[in-house]
*Asks:* 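Structure provided below as structure tokens; questions to follow.
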2 protein chains.
Amino acid sequence: METVLSSKSKTVIISPEKPFVIIGERINPTGRKKLAEELANGDFSRVRTDALAQVEAGAQVLDVNAGVPGADEPASMRQAVQKVMETVDVPLCFDSPNAAALEAALSVYQGKALINSTTGEEAALERVLPLAKKFGAAVIGLCNDERGISQDPQVRLEIGRKIMARAADYGISAADIVLDPLVLTIGADSNAGKVTLETIRLLRRELGVNVSAGASNVSFGLPDRPVLNAAFISMTMMNGLTAAITNPLEPTVRLAIMAADLFLGHDASGMKWIKDFRKREKARQAQDQKPAA
Amino acid sequence: METVLSSKSKTVIISPEKPFVIIGERINPTGRKKLAEELANGDFSRVRTDALAQVEAGAQVLDVNAGVPGADEPASMRQAVQKVMETVDVPLCFDSPNAAALEAALSVYQGKALINSTTGEEAALERVLPLAKKFGAAVIGLCNDERGISQDPQVRLEIGRKIMARAADYGISAADIVLDPLVLTIGADSNAGKVTLETIRLLRRELGVNVSAGASNVSFGLPDRPVLNAAFISMTMMNGLTAAITNPLEPTVRLAIMAADLFLGHDASGMKWIKDFRKREKARQAQDQKPAA
């Protein structure tokens, strides 16, 4: 199963047969006060530096969220998307619960985008799937519905199946759906990790679909989060996760993804690993040679 | 399936329902020139400090290898085992291809040991299984045989099945067999990681047996080995590895094991993770307060 995304000049394929795809999560004002202020004032300079830094660090796709409470989200989203397209040439993922904001982004975008996201709720499906069809975009489907988030992987699987069936009703192919197993915080429920891991396995095995997650939630509230997130992402990849919305500037997680890709046979002879190691060594040496402040 | 090991005063259970078991690998003169010299001279001081340090770092079982070329291995093994038993009270794993050395160790050991190892070769099975039966020990079975090491996980599975059948012929229960999927170097064969991961999954699913590996071979020859080993061990645990012969003094790998245990539901509310974090913080602070040398 290949989910093909594109920008004006670049194509990215999400597939179990290809290297894992990092969707950079940084362009999102949630919890980032300065970015929120800037977006509210129509200042997109941080959006541009965030876009550049994430692509430089290995993000193949960028998530764009421009939702600031009280601001005109469709206008803000349209501008943010234009600025990001001017800055980098990777495919984009539009992140909003607001159909008008998604439509604003899709209208100005040049390429095949990813919509983040629908759930299995009828209202969400009816809002998001027609947009995906109209603009030829792919869609992330979260495996929850009107009943909330189930702790039973089989229920999440059935919601995933329903999302795919509804998408098919709209003429959207299975390849254009990326399911999200949902990642809850293990600090709140010791079983949360296991449920997500089993859901990923089921989604891949039963539906053959691509699977993406925002994996870093899992460690919320615990110490040494990058170490936890690194182990978790390797485990999700073992079970078939094919993409993640994450921060590529976090080196521990980025390296765990590269390592897992190597073990899954997506880095022949470790050439990418060795090349990245050399780059890291060079950066370290440059850092060491700087005079102490 | 529970593999029960014991020392004079401690019991360790290897089981998919229990936390992962680290078998400390350091008491082994292979590639450790000083330790080899000391063992040849009947000096066991380093064996004792290695035993203490590994148990302090979280090893629940210690591997003991006393094979120095030219030396009397049974005598050396017997003494090493006695010294380790005087020093720490964890169960032990006796590591030798030499039946006389294994018998010397088993004869003086107080408790239920793990023998490392037999293969699926008839000669090895006939040498090792009677010892396991005689001393009531558990046995590691490596999934290779007279034909060598197969690249096909199904072939490794069949060898594992054969080892269990032969053990049953000797009256050794399935719970006393721990299979080793074999870990080859990914630098030599890009497929090596995938083959091991799939073999682990098959051994667990088809035979329901405990599975242990010497997982660090996988990264031989590549840079940043601890980072690779950490990702690999998390992936093997996802597929059902229940123990590993590894170095608990390597913090990156030790933390990846703790993290994976948390996600597999073996650390309720992350209490062990938090406790270990506090211990690490204390050690860091003590280090920072030391005057610069």
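The sequence lines fix the lettering, A, B, ..., with proteins before strands; numbering per chain opens at 1. Just so you know, these numbers use all the heavy atoms, side chains as well, and skip hydrogens, waters and symmetry mates.
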*Asks:* Spell out, as yes or no, whether a donor-acceptor pair under 3.5 Å connects the side chain of A:Trp273 to the backbone of B:Pro223.
*Replies:* yes
*Asks:* Where does B:Phe277 contact chain A at under 4.5 Å (heavy atoms): side chain, backbone, both or neither?
*Replies:* side chain
*Asks:* Roughly how far apart are B:Asp267 CG and A:Leu222 CG, rounded to 0.5 Å?
*Replies:* 9.0 Å
*Asks:* Under 4.5 Å from any heavy atom of chain B, what part of A:Leu264 do you find: side chain, backbone, both or neither?
*Replies:* both
*Asks:* Which bit of B:Arg278 comes within less than 4.5 Å of chain A, counting heavy atoms only: side chain, backbone, both or neither?
*Replies:* neither
*Asks:* Could you report the tightest heavy-atom contact between B:Leu228 and A:Phe263, atom names first, then the distance?
*Replies:* O-CE1, 3.3 Å
*Asks:* Can you tell me how far apart CE (B:Met235) and CE (A:Met235) are? Round to the nearest 0.5 Å.
*Replies:* 10.5 Å
*Asks:* Side chain, backbone, both or neither: which part of B:Ala260 has a heavy atom under 4.5 Å from chain A?
*Replies:* both
*Asks:* Sort B:Asn191 into side chain, backbone, both or neither according to what part of it lies under 4.5 angstrom from a heavy atom of chain A.
*Replies:* neither
*Asks:* Is it the backbone or the side chain of B:Leu262 that comes under 4.5 Å from a heavy atom of chain A, or both, or neither?
*Replies:* both
*Asks:* To check you understand the geometry: which heavy-atom pair defines the closest contact between B:Leu255 and A:Val227, and what is its length?
*Replies:* CB-CG1, 3.9 Å
*Asks:* About how many Å separate NZ of A:Lys194 and CE of B:Met238, when rounded to the nearest 0.5 Å?
*Replies:* 9.5 Å
*Asks:* Got a sec: does the NZ of A:Lys162 have more than 12 other heavy atoms crowding it under 6.0 Å?
*Replies:* yes
*Asks:* If we ignore hydrogens and angles and just use 3.5 Å, is the side chain of B:Ser190 paired with the main-chain N or O of A:Ser269 as donor and acceptor?
*Replies:* yes
